[in-house]
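Accompanying notes for the structure given below.
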Amino acid sequence: MGLVLGTIGIDEQSGVTRFTFGQLWLLDGIDFVIIAVAVFGVGEVLATSYQTESQTAIKVASAFPTRDDLRRSRMPIVRGTLIGCLPAAGATIASFIAYIVEKKVSKTPERFGHGAIEGVAGPEAANNSAVSGALVPMFALGIPGSGTRALMLGALIMFGLRPGPDMFTTNGDLIWGVIASLYIANFLLLILNMPLAGLFARLLSVRYSWLYPPILAICLLGAYANSNSLQDCWLLVGFGLLGWIMRRYSWPGAPLALGLVLGPLFETSMRQALSMSRGNMLIFLSRPISATLLAVALLTIAASTIALAFRKIGRRSAPAA
């Protein structure tokens with residue numbers, strides 16, 4: 001769907017309008033900002049608004065760990081940090097792996113699930129370090145390791161920056177600025193979170209119905225301020241409903257955003273290659289690099305499809321067994 005949306009507008013090579021249906025405001029195509037805010041903002045609000053509200057009184061006596069907590073958390077933090085730094089693992093996968101590792105190495109695994117601090121320290125360390133781990137493949141190879149990195153990749157491409165090995169030499173100031181910002185952000189979070197943990201916990205008692213209207217208003221205001229066009233606001237509402245449907249059926253939004261950003265680049269490169277080969281599609285298989293990448297992509301899709309099929313077979317045979 002993202003690839004289809006990326007074709008709306010004026011063809012860069014022929015200058016012909018495509019899929020505009022006579023609407024002048026579609027000549028520039030659909031803005032990436034509208035899709036991102038609609039799918040990840042409006043869609044999230046609409047999806048969570050159907051959930052049952054449960055307000056809980058939160059009391060936090062102290063956020064500072066005791067000496068015994070620090071002693072028991074020392075090695076889980078080290079292991080969780082190393083697990084989270086694995087490239088493209090993602091925060092969710094890294095957290096689950098860290099929890100499993102801590103439970104395996106623990107001498108008292110029965111404490112996990114009943115307040116064992118090792119089961120919190122390890123996954124949280126992996127969750128935090130996964131931020132830098134996901135940035136490595138994005139900057140070095142242009143491969144996002146999570147949905148957030150996909151949005152960052154789209155923003156970089158929008159500003160004319162091409163993530164890849166050359167980015168460290170051509171845009172070194174940006175790369176090292178991002179790396180420095182990670183150190184500064186963690187230091188500031190440590191200063192803010194420790195004394196204000198109780199206040200942040202009390203925010204959970206705010207009714208969700210009070211938060212939805214201002215969030216939607218900010219989304220609409222941002223869409224209008226982006227291009228001073230009411231049509232973009234209608235697009236925001238329409239794609240927000242699409243984002244709600246995607247959330248309801250667990251369809252990921254990152255591929256949609258990536259397809260919208262990478263679609264025009266993919267189309268331009270493909271047409272250039274076909275122009276060089278005079279329409280011969282074998283050019284994508286005769287080049288070693290492109291053939292290897294296509295083979296890896298096909299194997300990845302086939303492996304995931306086969307694994308899913310075996311999972312379904314296992315679930316069907318489990319009750320019988």
Side-chain angles (χ1 to χ4, degrees), residues 1-7 32 35-36 39 82-98 100 126 129-158 160-171 175 178 246 250-314:
M1 186 178 295
L3 292 175
V4 172
L5 294 176
T7 61
F32 168 77
I35 296 296
V39 174
L82 295 177
I83 292 173
C85 287
L86 296 175
T92 304
I93 298 176
S95 300
F96 277 106
I97 294 177
I100 294 172
S129 61
V131 175
S132 57
L135 288 175
V136 172
M138 190 193 75
F139 282 135
L141 302 174
I143 301 174
S146 63
T148 308
R149 302 303 169 271
L151 295 178
M152 292 179 62
L153 178 63
L156 290 174
I157 294 176
M158 283 178 59
L161 302 175
R162 298 293 183 90
D166 294 337
M167 194 173 184
F168 286 84
T169 55
T170 57
N171 301 100
I175 300 296
V178 172
M246 295 173 67
S250 301
W251 297 340
L256 175 62
L258 271 181
L260 178 64
V261 174
L262 300 180
L265 300 176
F266 164 75
E267 181 186 3
T268 301
S269 300
M270 181 178 179
R271 292 172 71 172
Q272 288 176 350
L274 291 176
S275 298
M276 293 169 55
S277 65
R278 296 184 179 181
N280 188 3
M281 296 287 290
L282 293 178
I283 189 174
F284 301 110
L285 300 177
S286 59
R287 305 290 180 175
I289 295 179
S290 62
T292 302
L293 292 176
L294 286 173
V296 171
L298 291 175
L299 287 176
T300 303
I301 296 174
S304 61
T305 304
I306 294 173
L308 181 62
F310 274 110
R311 248 186 243 120
K312 290 182 178 179
I313 294 175

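Keep in mind the model is a prediction, meaning the values are calculated, not measured.
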Within 6.0 angstrom of Arg287 CZ, more than 12 heavy atoms from elsewhere: no
- request: Side-chain contact test, heavy atoms from C-beta onward, threshold under 4.5 Å: evaluate it for Phe284 versus Leu274 and give yes or no.
  value: yes
task: Report the distance from atom CG of Leu293 to atom CG of Leu298, rounding to the nearest 0.5 Å.
output: 11.0 Å
- prompt: So, for Ala273 and Ile283, which heavy atoms are closest and what is the spacing to 0.1 Å?
  reply: O-CD1, 3.5 Å
message: Please report the interatomic distance CG(Leu5) to CD1(Ile35), rounded to the nearest 0.5 Å.
response: 5.5 Å
message: Between Trp251 and Leu256, is there a side-chain heavy-atom distance shorter than 4.5 Å?
response: no
query: Going from CG on Leu285 to OG1 on Thr292, what distance comes out if it is rounded to the nearest 0.5 angstrom?
result: 10.5 Å
task: Find the distance between CD (Glu267) and CD (Gln272) and round it off to the nearest 0.5 Å.
output: 11.0 Å
message: Looking at every non-hydrogen atom in both residues, tell me the closest pair between Asn280 and Ser277 and how far apart they are.
response: O-OG, 2.9 Å
Considering all heavy atoms, the nearest Asp166-Thr169 contact: O-OG1, 2.8 Å
task: Might you point out which heavy atoms bring Met246 and Gly253 nearest each other, and give the distance in Å?
output: CE-CA, 3.7 Å
Which atom of Gly84 lies closest to which atom of Ser129, heavy atoms considered: CA-OG, 3.1 Å
task: Return the minimal non-hydrogen interatomic distance between Ala126 and Ala98, and the atom names on each side.
output: CB-CB, 3.8 Å
